[in-house]
A.B. asks: 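The following block contains the structure, expressed as structure tokens.
As the structure is a prediction and not an experimental result, all values here were calculated from the model. So that the names make sense, note that chain A is the first sequence line, chain B the second, and so on, each numbered from 1.
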2 protein chains.
Amino acid sequence: MSAIGFHPHNHDSCIKTGVSAAAKTCTAQGLQLTEVRRRVLEILLERHRALGAYDILEVLRSEGLGSQPPVAYRALDFLTKHGFAHKIERLNKFIACSDIGGDHTPAFLICTGCNQVAEAHLEAGTGRLSKAAAAAGFTIERAVLEAEGLCETCRGQTAA
Amino acid sequence: MSAIGFHPHNHDSCIKTGVSAAAKTCTAQGLQLTEVRRRVLEILLERHRALGAYDILEVLRSEGLGSQPPVAYRALDFLTKHGFAHKIERLNKFIACSDIGGDHTPAFLICTGCNQVAEAHLEAGTGRLSKAAAAAGFTIERAVLEAEGLCETCRGQTAA
DNA sequence: GCAGATCTGTTATACTATAACAGCTTTGCT
DNA sequence: AGCAAAGCTGTTATAGTATAACAGATCTGC
Ligand SMILES: [Zn+2]
Ligand SMILES: [Zn+2]
Ligand SMILES: [Zn+2]
Ligand SMILES: [Zn+2]
């Protein structure tokens, strides 16, 4: 429930934890966490912010892991499909999941000041949107919840 | 609060009501509802579904109202900026606001069966996302709330 | 009527994403 | 091991979405 992401923290552990959690899930579900896929996840975890597909491709290219768009998009499809990463629709960018493993309804707080994106995990089916959908007889299969605004730090700087 | 949009209804009145509400708002706020802008709003109201910018451009072109992308995008920027239309981020498409005039936080129900999009109007600042944001010291300026799934009709057809 | 602001038309280009096909690798089975 | 099916990768080409920049037209307030 708490929205981490706007606070400094030790980052190496983020990366290791994220990759190993993904590896574990893949093993359990018979999925292949291949070289490219693992590396894309690492890149997202390393940068710890939303990246465009072509940003990622540039890194892959520099490492000899693939140089054409489909390589990046396929890896991202895999990662997003299985919940290891998410697409931020508002930005057309991708970000590593901050809680790889659990089945969740992610929501994002996008700071327009520092461009950081924080992921909040909400309980599914308990909000106003769910109620409105239920009232209309609509069955939700996937939700995009993204808020733009200012994080605490950036807001302070604007006010000051 | 109720999500209209998945039910048949008389449409001419939608169009007239929408345009005149927009015209009224523009007069009140000193905005210019020019030929192109009005026509784009009409097109969105007529079709009553989400349209891509290039779909709209095609219509404009056929009517001699502008043939280059910026013409459509500028009109859409105007309409979305002032709440006469909304962009559906998940689809990269645009739709006329179903309640032109009121200041609102729109949420959308996107049916993957029939491609219809219904707009629900939620009260701002009362949901889980707002609470999560407040807890993180984050100030929301704009929210994207989009749910994909099946409307009542399409769900019935799938089940049957 | 004039100055400033705003809107339109146009060219060019940037950015985002996928189709399609050939070849390689892994997996599961015998 | 040998084989077939499924899945992954590399590549070319192309589709789809969006904006920068500048010149000219129109509207607005004075
Ligand atoms: Zn997540
Ligand atoms: Zn910030
Ligand atoms: Zn609306
Ligand atoms: Zn439907």
A.B. asks: Given atom CG of A:D55 and atom P of C:dT16, what is their separation to the nearest angstrom?
C.D. replies: 7 Å
A.B. asks: To the nearest 0.5 Å, what is the distance between NE2 (A:H82) and OG1 (A:T25)?
C.D. replies: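 These two atoms lie 10.0 Å from each other.
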A.B. asks: With side chains defined as the heavy atoms from C-beta onward, is the minimum distance between A:V144 and B:E89 less than 4.5 Å?
C.D. replies: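 The answer is no; the side chains never approach within 4.5 Å.
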A.B. asks: Provide a list of protein-nucleic acid N or O atom pairs under 3.5 angstrom, restricted to nucleotides 4-7 of chain C.
C.D. replies:
residue, atom, partner, partner atom, Å
C:dC7, OP1, B:R37, NH1, 3.0
C:dC7, OP1, B:R37, NH2, 3.4
C:dC7, O5', B:R37, NH2, 3.2

A.B. asks: Using a cut-off of strictly less than 4.0 Å, decide whether B:K87 has a side-chain nitrogen or oxygen near OP1 or OP2 of D:dA18.
C.D. replies: yes
A.B. asks: Given atom CZ of B:F94 and atom P of D:dT17, what is their separation to the nearest angstrom?
C.D. replies: 10 Å
A.B. asks: With a 4.5 Å heavy-atom cut-off, do A:H104 and A:H86 have their side chains touching?
C.D. replies: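 A side-chain contact exists here, since the closest heavy-atom pair is under 4.5 Å.
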A.B. asks: Might you point out which heavy atoms bring A:A50 and A:L91 nearest each other, and give the distance in Å?
C.D. replies: CB-CD1, 4.4 Å
A.B. asks: Does B:C14 offer a backbone N or O that forms a donor-acceptor pair with the side chain of B:T17 under 3.5 Å?
C.D. replies: no
A.B. asks: Choose from C:dT18, D:dT19, C:dT10 the nucleotide whose nearest atom is closest to any side-chain atom of B:Q68.
C.D. replies: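 Among the listed nucleotides, the one closest to the side chain of B:Q68 is C:dT10.
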A.B. asks: Please evaluate the base of D:dA20 for a donor-acceptor partner in the side chain of B:Y73 within a cut-off of under 3.5 Å?
C.D. replies: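 Counting by modelled atom types and ignoring angles, no donor-acceptor contact under 3.5 Å is found here.
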A.B. asks: What closest approach, in Å, do A:C26 and A:L33 show between heavy atoms, and which atom pair accounts for it?
C.D. replies: SG-CB, 3.9 Å
A.B. asks: B:V36 versus B:R74: any side-chain heavy-atom pair under 4.5 Å?
C.D. replies: no
A.B. asks: Atom CG of B:L33 and atom P of C:dT8: how far apart are they, to the nearest Å?
C.D. replies: 10 Å
A.B. asks: Report the nucleotide, chosen from D:dT11, C:dG9, C:dA17, that has the shortest atom-to-atom distance to any side-chain atom of A:V71.
C.D. replies: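 In terms of side-chain proximity for A:V71, the closest of D:dT11, C:dG9, C:dA17 is D:dT11.
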A.B. asks: For A:L91 and D:dT19, what is the distance between atoms CG and C1' respectively, to the nearest whole Å?
C.D. replies: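 The distance from CG of A:L91 to C1' of D:dT19 comes to 16 Å, rounded to the nearest Å.
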A.B. asks: Taking the side chain as C-beta and beyond, is there a heavy-atom pair between B:L44 and B:I95 under 4.5 Å?
C.D. replies: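 Sidechains of B:I95 and B:L44: no contact.
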A.B. asks: To the nearest Å, give me how far apart CD (A:E35) and P (D:dT9) are.
C.D. replies: 10 Å
A.B. asks: I'd like to check B:L31 versus B:F78 (side-chain heavy atoms, cut-off strictly below 4.5 Å). Are they in contact?
C.D. replies: yes
A.B. asks: Take the protein atom CZ of B:R61 and the nucleotide atom P of C:dT8, then report the distance between them rounded to whole Å.
C.D. replies: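 Atom CZ in B:R61 sits about 17 Å away from atom P in C:dT8.
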A.B. asks: What's the CD-C1' distance between A:E58 and C:dT16, to the nearest Å?
C.D. replies: 15 Å
A.B. asks: Take atom CZ of A:R74 and atom P of D:dA6, then tell me their distance rounded to the nearest Å.
C.D. replies: 19 Å
A.B. asks: Report for the helix from C:dG1-D:dC30 to C:dT30-D:dA1: angle between first-end and last-end helix axes, five pairs each, rounded to 10 degrees.
C.D. replies: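 Computed from the C1' atoms at both ends, the axes differ by 40°.
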A.B. asks: In chain order, what residues pass the side-chain hydrogen bond (donor to acceptor under 3.5 Å, both in side chains) check against A:E46, with sequence neighbours excluded?
C.D. replies: A:R39
A.B. asks: Over all strands shown, is B:L65 touching base, sugar-phosphate only, or nothing at heavy-atom distances under 4.0 angstrom?
C.D. replies: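 The residue B:L65 makes sugar-phosphate contact but no base contact.
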A.B. asks: Regarding C:dA17, can its base be found pairing with the side chain of A:Y54 as donor and acceptor, where the two atoms are less than 3.5 Å apart?
C.D. replies: yes
A.B. asks: With a cut-off of less than 4.0 Å, is there a side-chain N or O of B:N92 near OP1 or OP2 of D:dG16?
C.D. replies: no
